[in-house]
A.B. asks: 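First, the structure itself, so that you have it in front of you.
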Number of protein chains: 2
Amino acid sequence: MTTKRAAETRRTSIGAQRNPASQDAILQAAEEILVEGGLGSFSIEAVARRAHAGKPTIYRWWPTRAILLLDVYHRQKFVDIAPDTGAIETDIFQLLNDLLEFWNTGHGGAVFRSVIAEAQTDPAASKALAAYMAERYQQGGEIFRRAKARGEVVDWVVPELAMEIITSFVWKRLLTDRLDIAPEQLRLVVRHLVQGLKVP
Amino acid sequence: MTTKRAAETRRTSIGAQRNPASQDAILQAAEEILVEGGLGSFSIEAVARRAHAGKPTIYRWWPTRAILLLDVYHRQKFVDIAPDTGAIETDIFQLLNDLLEFWNTGHGGAVFRSVIAEAQTDPAASKALAAYMAERYQQGGEIFRRAKARGEVVDWVVPELAMEIITSFVWKRLLTDRLDIAPEQLRLVVRHLVQGLKVP
DNA sequence: ACTTGAACGAAACGGAACGTTTCGTTATGT
DNA sequence: ACATAACGAAACGTTCCGTTTCGTTCAAGT
């Protein structure tokens, strides 16, 4: 008997290389803690305990709390950022609807909230979040580029800016715990948002 | 000599009542720490040190960090939430412009960011923030009620919802450190936001 | 006038999480 | 075979938590 106890469950080194089992266990534990208790109960100690991992192992691969959070966040399956229904209004409705469903039903909402909160403290997290969002606007802007090509949207619309404006609303709802938006209410919101962008 | 040292600078009890001097010193120290170092360096210990106050004094009047933050926040001088220029577009432009200036030049931005971040951890802060925002939308909605009375805005516009949508954009900019919006760019944003709400 | 009681700043408490170091073990790469 | 590196566990000193204890300074009630 080489170890004192719990030898059967203890993960150990697989040599001079990263252990994927440890990586998975840590990321899963981090996500679980975040979803169950929110950012308030999220600590490296807690993650290490839950994952049965050593703190140095976590610090080796995720130097800061923010980096670990972002890694959890990026593991999430994401919704289609640029649906193509043929009309701008239904495109936006579907985009926001998918996003709300992803945040409400999955773990995405809790994790994303935490990332945003962390970005208010950690400049590195803030930068990473900004880069990510810029990419999202770029991709999502495709909705408006298509609509402009169809002649559905006026020419002064800036696709990336329009995307930012539109997603800002659900951001705020996420951060203020008011994601329970009924479909007809969401339709009204979309109307407020895109009515003025359409060609009269 | 009754005290050992620093007797000349030490605030003391003024009897069985709250000491306004201590209250001021604590709130000012809290604001300074928040502005200088952000929420990351904001702790009750740090505030007590800076204010030369005892921790029990702080905990007596501000039971939680969130309550202290909200108190600092409410001390700020606020911009006019419902300017009346006679036209919806210029009303909104002025509102957002004033808000941006307040956040950029004063301490309002840093403090408000911290309140939002704190609300992601503390449910009580979240509730207080939600109540405050609801009141703001109610007041700011006056812009749209006036515009509707003038026949400038279509009838399906919901004043409070429109206000929430419009302020969501600057919220997101505040939280992602991108408040440097040039006047002409802000004018473009306002155009995106209100063009569709106007009577054709 | 005297006593009671509450607020004040300072100091110290036990507990939790921080980020780091030390250790013995495991297994890869040379 | 041997150096190297990752692993989990344990312990380190530090910081902040929220609370308690202490001696003081006064206002309020008797």
Side-chain angles (χ1 to χ4, degrees), chain A residues 1-30 33-34 37-69 114 118 121-122 124, chain B residues 1-30 33-34 37-69 114 118 121-122 124:
Chain A
M1 191 173 189
T2 57
T3 54
K4 299 152 210 161
R5 55 180 175 141
E8 67 280 358
T9 58
R10 180 181 181 177
R11 276 186 316 277
T12 180
S13 170
I14 58 170
Q17 60 182 353
R18 187 170 191 173
N19 187 339
S22 291
Q23 182 177 0
D24 289 345
I26 288 165
L27 285 172
Q28 188 182 330
I33 288 172
L34 220 48
L39 191 55
S41 49
F42 185 83
S43 70
I44 301 294
E45 296 258 353
V47 173
R49 270 197 304 271
R50 183 152 192 158
H52 300 291
K55 282 200 292 173
T57 302
I58 300 183
Y59 281 107
R60 175 164 15 247
W61 303 110
W62 298 276
T64 72
R65 225 171 80 119
I67 292 176
L68 177 53
L69 275 174
S114 301
E118 189 74 9
T121 294
D122 184 326
Chain B
M1 188 173 187
T2 56
T3 54
K4 300 152 208 161
R5 54 178 176 143
E8 68 281 358
T9 59
R10 182 181 183 178
R11 276 186 316 276
T12 181
S13 171
I14 57 170
Q17 59 183 352
R18 187 170 191 172
N19 187 337
S22 291
Q23 182 177 359
D24 289 346
I26 288 164
L27 285 172
Q28 188 182 330
I33 289 172
L34 221 48
L39 191 54
S41 49
F42 185 83
S43 70
I44 301 293
E45 296 257 352
V47 173
R49 270 197 303 271
R50 182 152 192 158
H52 299 292
K55 283 201 291 173
T57 302
I58 300 183
Y59 280 107
R60 174 161 22 242
W61 303 110
W62 299 276
T64 70
R65 224 172 80 119
I67 291 176
L68 177 54
L69 276 174
S114 301
E118 189 74 9
T121 293
D122 184 326

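Computed from a predicted structure; not experimentally measured. Here is how names work: the chains are called A, B, and so on, in the same order as the sequence lines, proteins then strands, and each is numbered from 1.
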A.B. asks: OP1 or OP2 of D:dC7 sitting under 4.0 Å from any side-chain N/O of A:Arg60?
C.D. replies: yes
A.B. asks: Map B:Gly15 and B:Ala48 onto DNA chain C by nearest heavy atom, then report which one ends up closer to the 5' terminus.
C.D. replies: B:Gly15
A.B. asks: Enumerate the protein-to-nucleotides 16-18 of chain C contacts in which both atoms are nitrogen or oxygen and the separation is below 3.5 Å.
C.D. replies:
unit_1, atom_1, unit_2, atom_2, d
C:dC18, OP1, A:Ile44, N, 3.0
C:dC18, OP2, A:Ile44, N, 3.2
C:dC18, OP2, A:Glu45, N, 2.8

A.B. asks: Between D:dG8, C:dA7, D:dC7, spot the one nearest the side chain of B:Ser13, thanks.
C.D. replies: C:dA7
A.B. asks: Tell me: CZ of B:Arg18 to C1' of D:dT25, nearest whole Å?
C.D. replies: 18 Å
A.B. asks: Starting at atom CD1 of B:Ile58, determine the distance to atom P of C:dA11, rounded to an integer number of angstrom.
C.D. replies: 15 Å
A.B. asks: Round to the nearest Å and state the distance from B:Gln17 atom CD to C:dT4 atom C1'.
C.D. replies: 16 Å
A.B. asks: Working to the nearest 0.5 Å, report the span between CH2 of A:Trp61 and CD1 of A:Ile26.
C.D. replies: 10.5 Å
A.B. asks: Without placing hydrogens or testing angles, list every side-chain donor-acceptor pair under 3.5 Å for residues 46-53 of chain A, not counting sequence neighbours.
C.D. replies:
unit_1, atom_1, unit_2, atom_2, d
A:Arg50, NE, A:Glu32, OE1, 2.9
A:Arg50, NH1, A:Glu36, OE1, 3.1
A:Arg50, NH2, A:Glu32, OE1, 3.1
A:Arg50, NH2, A:Glu36, OE2, 3.0

A.B. asks: Does A:Ile58 reach the side chain of A:Lys55, with side-chain heavy atoms less than 4.5 Å apart?
C.D. replies: no
A.B. asks: What's the shortest heavy-atom distance between B:Ile14 and B:Arg18, and which atoms?
C.D. replies: CD1-O, 3.6 Å
A.B. asks: Please report, rounded to the nearest Å, how far the C1' atom of C:dC8 is from the CG atom of B:Asp24.
C.D. replies: 15 Å
A.B. asks: Indicate whether OP1 or OP2 belonging to D:dG8 is found under 4.0 Å from a side-chain N or O atom of A:Ser22.
C.D. replies: yes
A.B. asks: May I ask you to verify if any side-chain N or O of A:Trp61 is less than 4.0 angstrom from the OP1 or OP2 atom of D:dC7?
C.D. replies: yes
A.B. asks: Quick one: CD on A:Glu118 to CG on B:Leu39, what's the gap to the nearest 0.5 Å?
C.D. replies: 10.0 Å
A.B. asks: In this structure, how many angstroms lie between the P atom of C:dG9 and the NE2 atom of B:His52, rounded?
C.D. replies: 11 Å
A.B. asks: Phosphate oxygens OP1/OP2 of C:dG9: is one of them under 4.0 Å from a side-chain N or O of B:Arg11?
C.D. replies: yes
A.B. asks: Closer to the 5' end of DNA chain D via nearest nucleotide, is it A:Thr57 or B:Thr64?
C.D. replies: A:Thr57
A.B. asks: Kindly say whether A:Phe42 contributes a backbone atom to a donor-acceptor pair with the side chain of A:Arg65 at under 3.5 angstrom?
C.D. replies: yes
A.B. asks: Could you give the CG-to-C1' distance, from B:Leu68 to D:dC17, as a whole number of Å?
C.D. replies: 15 Å
A.B. asks: Counting only side-chain N and O atoms of A:Arg10, is one of them less than 4.0 Å from OP1 or OP2 of D:dG8?
C.D. replies: no
A.B. asks: Has B:Thr12 got a side-chain N or O lying under 4.0 Å from the OP1 or OP2 atom of D:dT24?
C.D. replies: no
A.B. asks: Can you confirm whether A:Ile67 sits close enough to A:Asp122 that some side-chain heavy atom of one is under 4.5 Å from a side-chain heavy atom of the other?
C.D. replies: no
A.B. asks: Please give, in whole Å, the distance from C:dT26 C1' to A:Ile14 CD1?
C.D. replies: 10 Å
